[in-house]
Amino acid sequence: MTIHNSEIAAAFYKLANLLGIEGANPFRVRAYRNAARIIEGLTKSVAELITQGENLTDLPGIGNDLAKKITVLVETGKFPLLKETETRIPPVLNELLKIEGLGPARVKLLYKKLKIKNINDLKTAIEKGRVRKLARFGEKIEKKILQGILHREQYVTRAKLVDTISTVTALTHYIKNIKGVEKVECAGSFRRHKETVGDLDMVVAGSLGKKIIDHFIQFEEISEVISHGSTRSTVRLRSGMQVDLRVVPKKSYGAALLYFTGSKDHNIALRKIAVRKKLKMNEYGMFKYKKQLAGNTEEEMYRQIGLPYIEPELRENRGEIEAAQQDKLPKLITLNDMRGDLHCHTTATDGAAQLETMAKIAEEYGYEYLAITDHSKHLTIAHGLNKKTLWQQIKQIDKLNHQLKKIIILKSIEVDILENGSFDLPPDILKELDLRICSIHSNFHLSSEEQTNRIKRAMDNPLFNILAHPTGRLINRREPYTFNIEQVMHAAKERGCILELNAQPDRLDLNDLYCKAAKEIGVKIAISSDAHSTNQFAYMHYGIFQARRGWLTKNDVINTQPLSNLKKLLKR
DNA sequence: ACCTCCGCAGGTAAGCAGCTGCCGCTGCT
């Protein structure tokens, strides 16, 4: 069995933690942690790289020493340094670091002074009043740790973006009405429109911070106030979501918004530029010595370091800063660019609305076309269409198109790709359709090679147009199936096939990174709602968010085009 | 431990708030 990158990373994280508790050279600790992060983020397997004779020291942050340790680990499964460290520092202490309020220094104290090794020991010690007697442990920290223990399992997963909207709306409304508040916005990953959100970062412009915060902590959905000072406060909502509130003067609002929107990596990259220009950059503004040069708006902050405004969705340090420097930022797609939807279902299969209703609502959206893509017969969860029922739907659409004025209904289907790469409906009926979207709903557990070949074989069929929800993942619920997506993208490019960005908020499939990869390879994307009811047409919104995170412009997406162009783009 | 236009030397992102307890730890982007 070859070792996975995640396992290598886990070993190095563990080593870094244990050495951190021991109090080793912090830069050495950081080096191990960096290495873990790098390995975790690689798309290629380290074990494979070694087999291919690649030099691991080419990876950033991996020098001779680490390369050697990694190679030994991969080839022998042994990690002598970790083993040796574990004889001095019990590996279970690793767990204690996960509790909020506990870092390496406090864990060391707990272990050395009270022999606390695990969460149970810690709980008992707190109950017996031993912990508060230690230096650096006060009443508030103790309470925070106790809460951390109670909640440690509960809040591990990040919320889906869609599930945070109503909370953010309510919070924003509440804060806006507090006296002294001039502006408020939810920053962080919410503002970057990431598919999941860890916590909510509320940035407020206003004077009298203390009063604003005193009022804020009265918000009725708050279950627990974790901290509250005069400029910041952290609370937990009943839903378990953590909210950080930060109050700054109006002249610092843009700087604070920039800072708290992140990402962290984007901020670091910006600050490096600022430092090179002998400027100081923080959440209060851009400073030359003591003089504030910018801070009121984000635009101003970027301008001071010689950059154009960068949209929040791009702020991940994935090349946006270099692009900004060369004035090559993409003009990101917007909801307004969309001229139609290419994936939806009706009562003919698992949808909630009739064909006519779906068409009418799509027309109200201002769409020029709508593809009706009910499931084919193979799918067991729905009564899929067979040759006969699909033929009936085709006739029904022809009739409907005579009545509709502003929108054209495209005849289509979501056809199942079977295990051998064939479709579950014969070509004679499939070729009667305007387009076909193709997807996998079975045999998720094929080997990577088999799965890749299955999709490529399906794409060999000239009737294949769009690969729907290409990776099959469900956010927080199901991993993507194993296959070589890069190969599939190249195959799609060669054959003139399109990849879908499915806008269902729990799919968002392709994800942001794959959208960017597809764009770089030159594969076109269709952003589709996969609506199962009329109100789900609105999910297009989330698809656009993800597309923007994937650097997509109007021209990268086929359903931004008028029907005549769309037809050309679909032609193989 | 890694990286640096060299690397024997020196920096490693940066700065702030809150808590604790008057320096340092932790968390945050």
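The shown structure was predicted, so the numbers you read here are calculated from the model rather than taken from an experiment.
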J.: So A135(A), base contact, sugar-phosphate only, or nothing? Heavy-atom distance under 4.0 Å.
T.: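 Since only primed, P, OP1 and OP2 atoms lie under 4.0 Å of A135(A), the category is sugar-phosphate.
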
J.: With a 4.0 Å cut-off on heavy atoms, is N34(A) in touch with a base, just the backbone sugar-phosphate, or nothing at all?
T.: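 Answer is nothing: N34(A) stays at 4.0 Å or more from every strand.
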
J.: Hey, does P26(A) reach any base, or is it just sugar-phosphate, or nothing, if we go heavy atoms under 4.0 Å?
T.: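 Nothing: the residue P26(A), judged by heavy atoms under 4.0 Å, touches no strand.
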
J.: Look through every strand shown and name the nucleotide pairing with dT20(B) as Watson-Crick or G-U wobble, where both distances are under 3.5 Å.
T.: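 dT20(B) is unpaired by these criteria.
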
J.: Under 4.0 Å between a side-chain N or O of T231(A) and OP1 or OP2 of dG18(B)?
T.: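 It does, given that an N or O in the side chain of T231(A) lies less than 4.0 Å from OP1 or OP2 of dG18(B).
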
J.: Quick check on dA13(B): is either OP1 or OP2 less than 4.0 Å from any side-chain nitrogen or oxygen of R30(A)?
T.: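 For dA13(B), OP1/OP2 do have a side-chain N/O of R30(A) under 4.0 Å.
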
J.: Please state whether the base of dA14(B) and the side chain of R271(A) form at least one donor-acceptor pair under 3.5 Å?
T.: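 Such a pair is found, so the answer is yes.
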
J.: If you assign each of Y259(A) and G138(A) to its closest nucleotide in DNA chain B, which residue comes earlier from the 5' end?
T.: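 On the 5' side of the pair lies G138(A).
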
J.: Considering every strand and a 4.0 Å limit on heavy-atom distances, what is the contact class for E142(A): base, sugar-phosphate, or nothing?
T.: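 No contact.
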
J.: For I62(A), report the nucleic acid contact type (base, sugar-phosphate, nothing); a contact means any heavy atom under 4.0 Å.
T.: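 Touches sugar-phosphate only.
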
J.: So what's dC8(B) paired with, Watson-Crick or G-U wobble, going by both distances under 3.5 Å?
T.: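 Check on dC8(B): unpaired, no WC or wobble geometry under 3.5 Å.
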
J.: Using whole Å, report how far NZ of K278(A) lies from P of dA13(B).
T.: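 It is 18 Å, rounded to the nearest whole Å.
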
J.: NA contact type, I268(A), heavy-atom cut-off 4.0 Å: base, sugar-phosphate, or nothing?
T.: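 Answer is base: heavy atoms of I268(A) come under 4.0 Å of a base.
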
J.: NA contact type, F260(A), heavy-atom cut-off 4.0 Å: base, sugar-phosphate, or nothing?
T.: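 Counting heavy atoms under 4.0 Å across all strands, the contact made by F260(A) is with sugar-phosphate only.
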
J.: Which nucleotide, if any, forms a Watson-Crick or G-U wobble pair with dA14(B), using both distances under 3.5 Å?
T.: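 Check on dA14(B): paired to dT29(B), both distances under 3.5 Å.
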
J.: How many Å lie between CG on D265(A) and C1' on dC28(B), as a whole number?
T.: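 Answer to the nearest Å: 14 Å.
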
J.: I'd like to know if Y284(A) reaches the base of dG15(B) with its side chain, counting only an N/O donor and acceptor under 3.5 Å.
T.: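 Donor-acceptor pair under 3.5 Å: no.
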
J.: Base, sugar-phosphate, or nothing: which does T261(A) touch, judged by heavy atoms less than 4.0 Å apart?
T.: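 The answer is sugar-phosphate, as T261(A) gets under 4.0 Å only of primed atoms, P, OP1 or OP2.
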
J.: Looking at dA1(B), dC25(B), dT29(B), which one has an atom nearest to any side-chain atom of N25(A)?
T.: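 Nucleotide nearest to N25(A)'s side chain: dA1(B).
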
